[in-house]
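Counting from 1, the numbers follow the sequence of the chain as shown.
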Amino acid sequence: MVVKSYAEAKGRPPSPAARPAAAAPRTLTDAERAAVAANKFFVEAHLPELVPFVKELHAEGLIDGWRAVRHCRLLKGADDGAG
């Protein structure tokens with residue numbers, strides 16, 4: 001899936017002024033870095049098809065990378081084939 005701007009979706013080139021420069025994300029604590037790494041590992045293991053989507057969101061400046069991925073967990077019954 002390719003994330004496009006509204007202008008691109010309508011066939012126009014995006015305006016360079018339309019996307020302001022993002023401020024540098026704050027430095028994470030060791031605990032936050034560990035949580036980000038655990039969430040990234042979880043997504044790569046259980047939902048690998050989302051990895052390119054997260055990368056595209058980051059490339060478009062919509063998220064600050066993997067630190068924006070939170071609350072990763074398996075739903076009850078999701079791993080046993082039950083609906």
Non-neighbouring partners of Thr27 that pass side chain to side chain donor-acceptor pair (under 3.5 Å), sequence neighbours left out: none
Applying side chain to side chain contact (heavy atoms under 4.5 Å, CB included), can you list everything that pairs with Leu47, at least two apart in sequence or on another chain? Val43, Glu49, Leu50
Checking Phe42 now: which residues fulfil side chain to side chain contact (heavy atoms under 4.5 Å, CB included) with it, not counting sequence neighbours? His46, Cys72, Leu74
Pairing residues for Arg70 by the salt bridge (charged side-chain N to carboxylate O under 4.0 Å, His left out) criterion, not counting sequence neighbours: none
Flag yes if Val36 and Phe41 sit in one hydrophobic cluster, no otherwise; membership is Ile, Leu, Val, Met, Phe, Trp, Tyr, and two members link when side-chain heavy atoms are under 4.5 Å apart. no
side-chain hydrogen bond (donor to acceptor under 3.5 Å, both in side chains) partners of residues 32-41, not counting sequence neighbours, each pair once: Arg26-Glu32, Thr29-Glu32, Asp30-Arg33
dist Leu57:CG -> Ile63:CD1 (nearest 0.5 Å) comes out at 5.0 Å
Test item: His58 and Asp64 side chains (from C-beta on) under 4.5 Å apart, heavy atoms: no
